[in-house]
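This report concerns only the one structure given below.
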Amino acid sequence: MNALHEIADIMNETEKKAFIQYLSKKNKRKDTGNIALFNSFKTDDINFKKNVLKSKKSTDSYHALRKRLYDSMIDFMANKSFENDTSEESTVLRLIVVSRLFFEHKLIKTAFKCLAKAEDIALGIEHFNLLNEIYRTQIQFSHFNLSEPIERIIEKFTANKKQLEYEEQLNLGYAVLRRELAAIYHEGRITDFQALIKNTIETHGISLNKGLTFKSLYQILFIANEYASINNDFSLIQPFVVKSYHFISKKNDLTNRHLYYHIYILYFIANFYFRNGQFTESLSYLDLMFTELQKQSRKYYQRFCLRYFLLLAFNENYLGHSEKAIEIAEKALSSNKKADLNDSNDIRLMLIVFYIQQSAGRDALKEMAKLNHTDSWYEKKMGMDWTIKKCLVEILLHAQQENTELALSRIKSFKRRYKKYLLTVNEERVVQYLLFVEQYVMKPEIIQTQKFQKAIEDFIITAQKDPKDIVIMSFLSWLLARVRRKAIYDTTLQLLKTYFPVTNSIG
C-alpha cells in the first residue's frame, strides 16, 4: 500500500467529503484530475492509472498529479488536526501565539492575561517545553509590565529550565534504548542490554530520585518492562512498580490531565503482576485501567482496549476460568477487526495457546491459519522473541494433532533459523526444550520410558530455579502433561502452584 492509500484509509467518510470540497475550492481548472484520482482509492479502480496515462500521454504527468494530491492531503490533514485539537497542549500553543500577536499590536494587558492563562494550564499538565516558551515571552516583553519583578520571572524560568533539561536527557536516553530494543526484537541483534541501560543512565544523568512526571515514569517503565521481558524475569522491575504506585497515589489529581500516560502506567503495573503470577493484583489494576479508558469520551479506548482484553483473558485463564478467558479473547478479536495488528496478533496467539490447553485442536488450527505470513515478516513486524514463541506454539499444535511431518518440518526450519541465535543469547533451555519435543514427535512411545520421564521432570525442576515467567511455565506444562498423561490445562494449573508458590488461589 502506498502513502496516498494509507492517508486515505485513516480518513473517515466525513473527512473524505470535506477533502473533496477542499480540492474543489483549490482547483482552478476542471480537468485537474485530483478528485478523480482520490475517488479511485475508494473503489480500487485499477483502470484509472491506465486511463490517465492514455489521456495525458505521459507517465511524468501521472506522477506529478500523485505528488500534488499527496501534498494537498498532507495540508488538509494538518489543518484538520489543528482545528479539531482541543487538548490543553493545543490551547496553550494558541494562547502563546495570540499573546505575541497582541504584543505586536500593543494590546499589552490582554497579552499578559493570555500568557498567565497559558502558564496555569501548562503547569497543570507539567509541560516544561511550553512553560519555557511562556517564560521566555514574559521576559522578552517584561519592559511592558514594570509592576511584575523580572527576578521572579527569571527564577521561574531557571527552575523550569532544570526540569526541561532533565526531561530532554531522559528523552534522549529513552530514544537510544528504544532504538536498541527495536534492533534486538526485529533484527535479532545481540546486546548486553543491562550494560546498555546502565551506560545510558550514567551518560544522560537519569535518576529515579529526581522529580518524575507521568511521561517520564511511562518512559522508565517502558524500558524496565522490555528489559524484564528480554530476561524473562519480571521480578527485576519490582522497584519501578512500587515507585509507580506511590507516584500515582500522590498525583491522583493530575491523572486526568495525563490520561494517555496514566493508562499506559496502569497497563505496565498490571502486566508486571500477571507475569509474576499475582493475578488478583493484576486484575485490580486492570479495573483501574478500564475505568480510565471510559474517560474523555473513551478517547483512548481503541488504542488500549486489546491490551486490556489480552491481560484480562490471561489472568482469567490462569485463575482457572478457561471458558471465560476464551470468550474474552474471541469477542475481542471479532469486535476489533481494525485494531492495531500487533495487538490483534498477540491476542490470536494467546487464544491458540488456550485452545491447545483445552485440546481444541481444530479451533487452534483455524486461528493458526490466520497467522499466515512468513517468519521473516513476523520478525520485522512483531519481533524476534514473539516469532520464536509463535513457531514453538505451532510446533506443539502439530505435535498434539499428530501432524508428524508438519511438526518435524517446522522443527527443522526452527533449528536452522533460530538455534544459533538462541545459543548466542544464552537461551540453551529453549534448544533443549525443542529437543525433547522433537524426540517425542519422532518416537511418541519414548514418553513411557523412565529415562525420558526423569529427564523431563529434572528439566522442569531446573527451569523453576531460573527467572520465573508464566509464559515459559505454559510451555513447560505442555511437556509435563505428556509425561504424566494428564490434561494440559489441569497440569498447567497444578504446575502454577509450585512455579509461583506464593500466588493466588485457583478456582
Side-chain angles (χ1 to χ4, degrees), residues 1 9 185-186 225-226 229 232 267 270-271 274-275 282 286 289-290 293 301-319 321-401 403 406-407 410 413-414 417-418 430 437 469-475 477-478 488-489 492:
M1 186 182 290
D9 276 353
Y185 280 123
H186 301 298
N225 193 72
E226 295 300 308
S229 181
N232 291 310
Y267 168 77
N271 185 56
F274 164 69
R275 297 295 285 262
S282 180
L286 283 176
M289 181 182 175
F290 188 75
L293 287 174
Y301 183 83
Q302 285 300 321
R303 174 70 181 80
F304 289 102
C305 68
L306 282 191
R307 294 191 178 206
Y308 165 79
F309 289 126
L310 178 80
L311 277 185
L312 182 64
F314 261 136
N315 276 290
E316 293 292 354
N317 186 65
Y318 292 103
L319 277 168
H321 312 143
S322 58
E323 289 184 7
K324 186 176 181 180
I326 289 173
E327 184 184 347
I328 291 168
E330 289 175 339
K331 188 176 180 181
L333 283 173
S334 63
S335 304
N336 299 276
K337 292 181 179 179
K338 290 188 176 180
D340 181 81
L341 184 64
N342 288 38
D343 291 343
S344 59
N345 282 341
D346 279 340
I347 288 197
R348 179 158 283 115
L349 187 60
M350 173 189 68
L351 182 57
I352 293 167
V353 171
F354 291 173
Y355 285 146
I356 290 173
Q357 288 176 343
Q358 299 301 323
S359 297
R362 288 185 180 180
D363 291 327
L365 285 169
K366 192 183 296 183
E367 290 301 322
M368 184 61 77
K370 295 173 185 176
L371 297 175
N372 53 10
H373 292 286
T374 64
D375 291 344
S376 176
W377 189 92
Y378 282 115
E379 286 166 18
K380 291 174 184 175
K381 295 290 183 180
M382 300 298 297
M384 189 73 75
D385 184 58
W386 189 94
T387 309
I388 287 171
K389 287 188 175 77
K390 179 255 181 190
C391 290
L392 287 172
V393 170
E394 187 176 5
I395 289 166
L396 297 188
L397 174 56
H398 288 310
Q400 187 167 308
Q401 293 300 104
N403 297 328
L406 272 173
R410 292 301 286 140
S413 64
F414 183 93
R417 191 172 188 90
Y418 300 117
V430 178
V437 175
D469 179 66
I470 199 163
V471 175
I472 293 171
M473 187 217 72
S474 299
F475 282 106
S477 62
W478 185 91
I488 301 167
Y489 188 62
T492 302

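What you see is a predicted model, and the numbers here were worked out from it, not measured in a lab. Quick note: numbers below take in every heavy atom, side chains included, and nothing from hydrogens, waters or symmetry partners. Numbers for residues simply follow the sequence, beginning at 1.
Between N317 and M350 there is no side-chain heavy-atom pair separated by less than 4.5 Å. At least one side-chain heavy atom of L392 sits less than 4.5 Å from a side-chain heavy atom of V430. Two residues are said to be in side-chain contact when any heavy atoms from C-beta on lie closer than 4.5 Å; Q357 and S322 fail this criterion. By the 4.5 Å heavy-atom criterion applied to side chains, F304 and F290 are not counted as neighbours. Within the 4.5 Å cutoff, the side chain of M289 has heavy atoms near those of the L286 side chain. Contact of the T387 side chain with the K381 side chain is not registered, since no non-hydrogen atoms from C-beta on lie closer than 4.5 Å. Annotation: side chain of F475 is in contact with side chain of V393 (closest heavy-atom distance under 4.5 Å). For the pair E379/R417, a side-chain contact is recorded, criterion being any heavy-atom separation below 4.5 Å from C-beta on.
S334 contributes a side-chain N or O that, together with a main-chain N or O of K331, makes up a donor-acceptor pair within less than 3.5 Å. With hydrogens and angles ignored, the 3.5 Å screen pairs a side-chain donor or acceptor of N315 with a backbone N or O of L311.
Ring to ring, F414 and Y418 are close: their centroids are under 6.0 angstrom apart.
Note on ring orientation: taking the six-membered ring where Trp is involved, the planes of Y378 and W386 are tilted (angle from 30° to 60°).
The list of salt bridge (charged side-chain N to carboxylate O under 4.0 Å, His left out) pairs with a residue in residues 301-314, not counting sequence neighbours, reads R307-D343. Sorted by first and then second residue, the salt bridge (charged side-chain N to carboxylate O under 4.0 Å, His left out) pairs involving residues 308-319 (not counting sequence neighbours) are E316-K324.
Here the straight-line distance linking atom CD of Q401 with atom CZ of R362 works out to 8.5 Å at 0.5 Å rounding. Summarising the geometry, atom CD1 belonging to I395 is positioned 10.0 Å from atom NZ belonging to K390; distances are rounded to the nearest 0.5 Å. Taking CZ from F309 and OG from S344, the interatomic distance works out to 14.0 Å, rounded to the nearest 0.5 Å. The CD1 atom of I347 sits 11.0 Å away from atom CG of L349, with the distance rounded to the nearest 0.5 Å. Going from atom CD of Q400 over to atom CG of L396 covers 8.0 Å, rounded to the nearest 0.5 Å. Within the model, atoms CD1 of I488 and CD1 of I356 stand 7.5 Å from one another, a figure rounded to the nearest 0.5 Å.
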Which side-chain N or O atoms in residues 365-372 pair as donor and acceptor under 3.5 Å with protein atoms at least two apart or in another chain?
unit_1: E367; atom_1: OE1; unit_2: R348; atom_2: NE; d: 2.8
unit_1: E367; atom_1: OE2; unit_2: K370; atom_2: NZ; d: 3.3

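For E330, the side chain to side chain donor-acceptor pair (under 3.5 Å) partners are Y355, not counting sequence neighbours. For Y301, the side chain to side chain donor-acceptor pair (under 3.5 Å) test picks out no residue, with sequence neighbours left out. Judged as a side chain to side chain donor-acceptor pair (under 3.5 Å), and not counting sequence neighbours, the contacts of N403 are H398.
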Item to check | Pair N336-Q302, side-chain contact (heavy atoms from CB on, under 4.5 Å): steps then yes or no | outcome: CA-CA 8 Å; N336 299 276; Q302 285 300 321; 3.7 Å; yes
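When all heavy atoms of A407 and A399 are compared, the pair lying nearest together is CB-N, 4.0 Å. A pairwise comparison of heavy atoms in A313 and F354 identifies O-CZ, 3.7 Å as the closest pair.
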